[in-house]
Undergrad: 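Pasting a structure below so you can have a look.
Letters A, B, ... are given to chains in the order of the sequence lines, protein chains preceding strands, and every chain is numbered from 1. Since the model is a prediction, treat every value here as computed from it, not as a measurement. Basis for what follows: all heavy atoms, side chains included, without hydrogens, waters or symmetry-related copies.
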There are 2 protein chains.
Amino acid sequence: MNRVREYRKNRGLSQFALAEKVGVARQTINLIENDKYNPSLKLCISLAEELGTDLNTLFWKVDETQ
Amino acid sequence: MNRVREYRKNRGLSQFALAEKVGVARQTINLIENDKYNPSLKLCISLAEELGTDLNTLFWKVDETQ
DNA sequence: ATTTTATGTCACATATATATGTCATTAACA
DNA sequence: TGTTAATGACATATATATGTGACATAAAAT
């Protein structure tokens, strides 16, 4: 799991809006949020920058119990 | 740029040894260290774990002037 | 000298991330 | 109502990450 959806929603962005900001298709954001695949490092960095956070926060050992 | 080579050398590992530990080909490590492409998130996480560090340290806004 | 080891690179093959178009469903809203 | 926006999902196409095998060079070890 990752925290892309959480950070996207906190910014009031739709999947489509975030996709446009980072230059990918809406489906790509959808698949990443639903852990359907394994994004590239560059895309992870773009997402972190666009969402005002960093790689560890979005993708490093997300604790689902908290 | 990233700090994979630096952390690998600090651990006394060859590209081949690190490649075996994370389950990719030696060429893949070589290309990543030389910024010839854009690894997947899962591979970045494996590298960070194997090198005893985290995503931000290896891949987030590496300052080349320091 | 000669044999390993480590690294960079190339060519080709394969797996998969990503794009594009589409459809269904739900919620918000006119 | 109907219409639009948001999301999940599918099928197909393309770009690219990664694998595999090979070769060259340099350094280290024997």
Side-chain angles (χ1 to χ4, degrees):
Chain A
M1 281 301 291
N2 64 67
R3 300 174 77 179
V4 173
R5 171 169 286 140
E6 172 188 349
Y7 273 72
R8 173 178 62 79
K9 291 207 163 183
N10 282 346
R11 298 232 152 188
L13 295 171
S14 68
Q15 291 178 349
F16 180 74
L18 178 57
E20 277 197 319
K21 282 176 177 289
V22 299
V24 296
R26 175 183 67 86
Q27 287 84 339
T28 299
I29 303 296
N30 190 355
L31 289 165
I32 292 169
E33 287 188 353
N34 290 299
D35 270 313
K36 297 288 177 60
Y37 57 53
N38 186 16
S40 70
L41 175 61
K42 281 185 185 171
L43 177 49
C44 293
I45 291 173
S46 296
L47 288 169
E49 289 174 343
E50 196 58 56
L51 295 175
T53 181
D54 56 67
L55 290 172
N56 283 356
T57 302
L58 282 186
F59 299 108
W60 185 250
K61 293 178 176 171
V62 175
D63 183 356
E64 318 211 23
T65 67
Q66 69 191 350
Chain B
M1 279 301 291
N2 63 68
R3 300 174 75 179
V4 173
R5 171 170 285 139
E6 172 188 348
Y7 273 72
R8 172 179 63 78
K9 292 208 163 182
N10 282 347
R11 297 231 153 189
L13 296 170
S14 67
Q15 291 178 349
F16 179 75
L18 178 57
E20 278 198 319
K21 282 175 177 288
V22 299
V24 296
R26 175 182 67 85
Q27 288 86 335
T28 300
I29 303 295
N30 190 355
L31 290 166
I32 292 169
E33 288 188 353
N34 290 300
D35 270 312
K36 297 289 177 59
Y37 59 51
N38 187 16
S40 70
L41 175 60
K42 281 185 184 171
L43 178 49
C44 293
I45 290 174
S46 296
L47 288 168
E49 288 174 343
E50 196 59 55
L51 295 175
T53 182
D54 56 66
L55 290 172
N56 282 357
T57 302
L58 283 186
F59 300 108
W60 184 251
K61 292 178 176 168
V62 176
D63 182 355
E64 316 211 24
T65 66
Q66 70 191 345

Undergrad: Is any side-chain nitrogen or oxygen of B:Arg8 closer than 4.0 Å to OP1 or OP2 of C:dA6?
TA: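 It does not, given that no N or O in the side chain of B:Arg8 lies less than 4.0 Å from OP1 or OP2 of C:dA6.
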Undergrad: Given D:dG8, C:dA19, D:dG19, identify the nucleotide with an atom nearest to the side chain of B:Val24.
TA: D:dG19
Undergrad: Quick one: CG on A:Leu31 to OH on A:Tyr37, what's the gap to the nearest 0.5 Å?
TA: 4.5 Å
Undergrad: Just to confirm, is there a sub-4.0 Å distance from OP1 or OP2 of D:dG8 to any side-chain nitrogen or oxygen of A:Lys36?
TA: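 Answer no for this pair, as no side-chain N or O of A:Lys36 is under 4.0 Å from OP1 or OP2.
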Undergrad: Quickly work out the B:Ile32 CD1 to C:dG8 P distance and round it to whole Å.
TA: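 Distance check: B:Ile32 CD1 to C:dG8 P gives 13 Å.
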Undergrad: Tell me, please, which residues at least two apart from B:Ser40 pass side-chain hydrogen bond (donor to acceptor under 3.5 Å, both in side chains).
TA: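 B:Ser40: side-chain hydrogen bond (donor to acceptor under 3.5 Å, both in side chains) contacts with A:Asn38.
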Undergrad: If you compare every side-chain N and O of B:Arg5 against the phosphate oxygens of C:dA6 (OP1, OP2), does one of them come in below 4.0 Å?
TA: no
Undergrad: Could you tell me which residues satisfy side chain to side chain contact (heavy atoms under 4.5 Å, CB included) with A:Asn34, sequence neighbours excluded, listed by chain and number?
TA: A:Arg5, A:Asn30, A:Lys36
Undergrad: What integer distance in Å separates B:Arg26:CZ from C:dA6:P?
TA: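 So the CZ-P distance, B:Arg26 to C:dA6, works out to 10 Å.
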Undergrad: Starting at OH of A:Tyr7, measure out to CG of A:Leu58 and round the result to the nearest 0.5 Å.
TA: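 Answer rounded to 0.5 Å: 7.0 Å.
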Undergrad: Can you sort out which residues in residues 39-47 of chain A have a heavy atom within less than 4.0 Å of DNA chain C? Ascending by number, please.
TA: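 Contacts with DNA chain C under 4.0 Å: A:Pro39, A:Ser40, A:Leu43.
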Undergrad: Under 3.5 Å, side chain of B:Arg8 to main-chain N/O of B:Leu13, donor-acceptor pair present?
TA: yes
Undergrad: Between A:Asn30 (CG) and C:dG21 (P), how many Å, whole number?
TA: 18 Å
Undergrad: List the steps and the verdict of side chain to side chain contact (heavy atoms under 4.5 Å, CB included) for A:Val4 and A:Leu18.
TA: CA-CA 10 Å; A:Val4 173; A:Leu18 178 57; 4.2 Å; yes
Undergrad: State, yes or no, whether a side-chain contact exists between B:Ile29 and B:Phe16 at a heavy-atom distance under 4.5 Å.
TA: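 A side-chain contact is absent here, since even the closest heavy-atom pair is not under 4.5 Å.
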Undergrad: Rounded to 10°, tell me the angle between the two end axes of the helix from C:dA1-D:dT30 to C:dA30-D:dT1, each built from five pairs.
TA: 30°
Undergrad: Quick check: do A:Leu41 and B:Asn2 have side-chain heavy atoms less than 4.5 Å from each other?
TA: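 Not in contact.
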Undergrad: Do the non-hydrogen side-chain atoms of A:Thr28 and A:Val22 ever get within less than 4.5 Å of each other?
TA: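 They are not in side-chain contact.
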Undergrad: Taking CD1 from A:Ile29 and C1' from D:dA9, how many angstroms apart are they, rounded to a whole number?
TA: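 It works out to 16 Å between those atoms.
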Undergrad: Which pairs, with at least one residue in residues 12-22 of chain A and sequence neighbours excluded, count as a side-chain hydrogen bond (donor to acceptor under 3.5 Å, both in side chains)?
TA: A:Gln15-A:Glu33
Undergrad: Would you jot down, in residue-number order, the residues of residues 10-23 of chain A having a non-hydrogen atom under 4.0 Å from DNA chain D?
TA: A:Ser14, A:Gln15
Undergrad: I'd like a list of close polar pairs between nucleotides 11-16 of chain C and the protein, N/O only, cut-off under 3.5 Å.
TA:
none

Undergrad: Between D:dG8, D:dT18, C:dA19, which nucleotide gets closest to the side-chain atoms of B:Thr28?
TA: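 Shortest atom-to-atom distance from the side chain points to D:dT18.
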Undergrad: Please report, rounded to the nearest Å, how far the P atom of C:dT9 is from the CG atom of B:Asp35.
TA: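 After rounding, the reported distance stands at 12 Å.
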Undergrad: Tell me which donor-acceptor pairs under 3.5 Å the side chains of residues 44-54 of chain A have, and how far apart each pair is, sequence neighbours excluded?
TA:
{"residue": "A:Ser46", "atom": "OG", "partner": "A:Lys42", "partner atom": "O", "Å": "3.1"}
{"residue": "A:Thr53", "atom": "OG1", "partner": "A:Thr57", "partner atom": "OG1", "Å": "3.4"}
{"residue": "A:Asp54", "atom": "OD1", "partner": "A:Asn56", "partner atom": "N", "Å": "3.1"}
{"residue": "A:Asp54", "atom": "OD1", "partner": "A:Thr57", "partner atom": "N", "Å": "2.8"}
{"residue": "A:Asp54", "atom": "OD1", "partner": "A:Thr57", "partner atom": "OG1", "Å": "3.0"}
{"residue": "A:Asp54", "atom": "OD1", "partner": "B:Asn56", "partner atom": "ND2", "Å": "3.1"}
{"residue": "A:Asp54", "atom": "OD2", "partner": "A:Thr57", "partner atom": "OG1", "Å": "3.2"}

